[in-house]
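Basis for what follows: all heavy atoms, side chains included, without hydrogens, waters or symmetry-related copies.
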Amino acid sequence: MSKPQKRLGKGAYEDELFRLQAELVKVQEWVRATGARIVIVFEGRDAAGKGGAIKRITQYLNPRVARIAALPTPTDRQKSQWYFQRYVEHLPAGGEIVLFDRSWYNRAGVEHVLGFCTPEEHQRFLHQCPIFERLLVEDGILLRKYWFSVSDEEQQRRFRGRVDDPMRRWKLSTTDFESVRRWEDYSRAKDLMMVHTDIPEARWNVVEGDVKREARLNMMSHLLSTIPYTDIEQPPLEVPERPASTGYERPPRELSSYVPDHVATLVDR
C-alpha cells in the first residue's frame, strides 16, 4: 500500500508563491520593454481553481499591462458575427498580457453540451480553431492554454461550500449545476476538443486541480518556463526632497466632508 502524498505546508506555499509572483513581475517588465504579446487561456471544469490562479498571477502586475478578459454572454449582434470576432477585440497589443478567464473554447464546452450552438457551428469551430490559433502564433503572439481538471468528488465539495458561503455564492449558477448532472457529457466534449485543438503550435497543458495551492504553483511555474523572458535593467529611482513651502495653507477641515471614523468604533470594543 503506497504512502499518502505529503502536502506542501502553508509557509512553503506562500514563500514559493511570492517567488513565482516576483518572476511574473520580471515577465511584465520584459513584455513592456520588448513589445511582446502574451495570451493565456484558462479553461477547465467549473470550480477547478481557474479564478484563484488568475488572481495570484495578476496580484502584483500592472493592470495596464496585464488585463483579464472575462466576456459576458454575447449580444444578439455578436451572435451574428464570425464566432471568433468578439475575442479578437480583446487580443493584446505590443507590451500587453491578456488572461482569458474562459475563452473561445466556450463553443467546445458549455455551448455544445447545453445546445447553445448547432452541431454545424460546433463542427465549424473544431475546424477553424486550430487555424485561428496558428494565425495568432504565426503573428508572434505567445499563446498558452491551460485546462484545470478536478475530480467529481472535489467539485461537489466545492459547490456545496459555495452554496453555504454568502461571499462566494455569486459564483454559482444553474449552468454550474448542469456540469454536475452532465459530467460525462462535458468529459466527452473535452476529449473531442483536445483531439482537434491540442496542436504543436498551441498545446493544451492540463493542471491537476484537486489541491488548489499546488495547482497554482504548478501552473505558474510551468508558464514561466515557457516564456523566454530576461531581466530588464531598471533605471535607478530616488525620491526627491520636498521643496520649501511657498506659503500654501490647507483649507479648514470643516470645509471638507470626511468619511466617518469607522475604525474608532472597532478599537473601542
Is [X] salt-bridged to [Y], going by a charged N under 4.0 Å from an acidic O?
X	Y	result
D139	R37	yes
R157	E153	no
R134	E138	no
D165	R160	no
D185	R188	yes

Q: Taking the six-membered ring of Y258 (Phe, Tyr or Trp), confirm whether the NZ or CZ of R253 is under 6.0 Å from its centre and within 45° of its axis.
A: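 Yes, R253 sits over the ring of Y258.
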Validation row: [X], [Y] side chains within 4.5 angstrom (heavy atoms):
X	Y	result
Y105	F42	no
R203	K145	no
N205	W147	no
V195	K190	no
I38	V27	yes
Q81	R86	yes
L17	M220	yes
Y146	R144	yes

Q.
Against H112, only a single residue in E121, H122, M193, R107 fulfils side chain to side chain contact (heavy atoms under 4.5 Å, CB included); can you say which?
A. H122
Q: Check each of L143, V39, V98 against L91 using the side chain to side chain contact (heavy atoms under 4.5 Å, CB included) test, and report the only one that passes.
A: V39
Q) When you measure from the side chain of K26 to the backbone N and O of Q21, does any donor-acceptor pair fall under 3.5 Å? A) no
**Q.** Nearest-0.5 Å distance, OG1 of residue T197 to CD of residue E133
**A.** 6.5 Å
Q. Rounded to the nearest 0.5 Å, how far does SG of C117 lie from CG of N106?
A. 10.0 Å
Q.
Tell me the closest heavy-atom pair linking E201 and V137, and the distance in Å.
A.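 That would be O-CG2, 3.7 Å.
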Q | T226 to P228 - nearest heavy-atom pair and separation | A |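 Minimum heavy-atom separation between T226 and P228: O-CD, 3.8 Å.
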Modelled atom types, side-chain donor and acceptor of [X] and [Y], under 3.5 Å:
X	Y	result
R45	S187	yes
Y229	E23	yes
Q155	W183	no
R216	Y13	yes

Q. Do the ring planes of F125 and F84 sit parallel (below 30°), tilted (30 to 60°) or perpendicular (above 60°)?
A. parallel
Q: Give the ring-plane orientation class for Y87 versus F100, where under 30° counts as parallel, over 60° as perpendicular and anything between as tilted.
A: tilted
**Q.** Verdict with reasoning, V41 to L99, per side chain to side chain contact (heavy atoms under 4.5 Å, CB included)
**A.** CA-CA 6 Å; V41 169; L99 299 88; over 6 Å; no
Q | CA sep, side-chain torsions, deciding dist, call: Y83, E111, side chain to side chain contact (heavy atoms under 4.5 Å, CB included) | A | CA-CA 12 Å; Y83 177 72; E111 290 191 16; 4.0 Å; yes
Q: Could you walk me through whether V31 and E96 pass the side chain to side chain contact (heavy atoms under 4.5 Å, CB included) test, one step at a time?
A: CA-CA 7 Å; V31 165; E96 294 179 350; 5.7 Å; no
Q.
Using side chain to side chain contact (heavy atoms under 4.5 Å, CB included), reason through L71 and R102 one step at a time and then give a plain yes or no.
A. CA-CA 8 Å; L71 277 60; R102 296 208 178 278; over 6 Å; no
Q.
Would E43 and W204 count as a side chain to side chain donor-acceptor pair (under 3.5 Å) here? Give the steps.
A. CA-CA 10 Å; E43 291 288 348; W204 275 109; over 6 Å; no
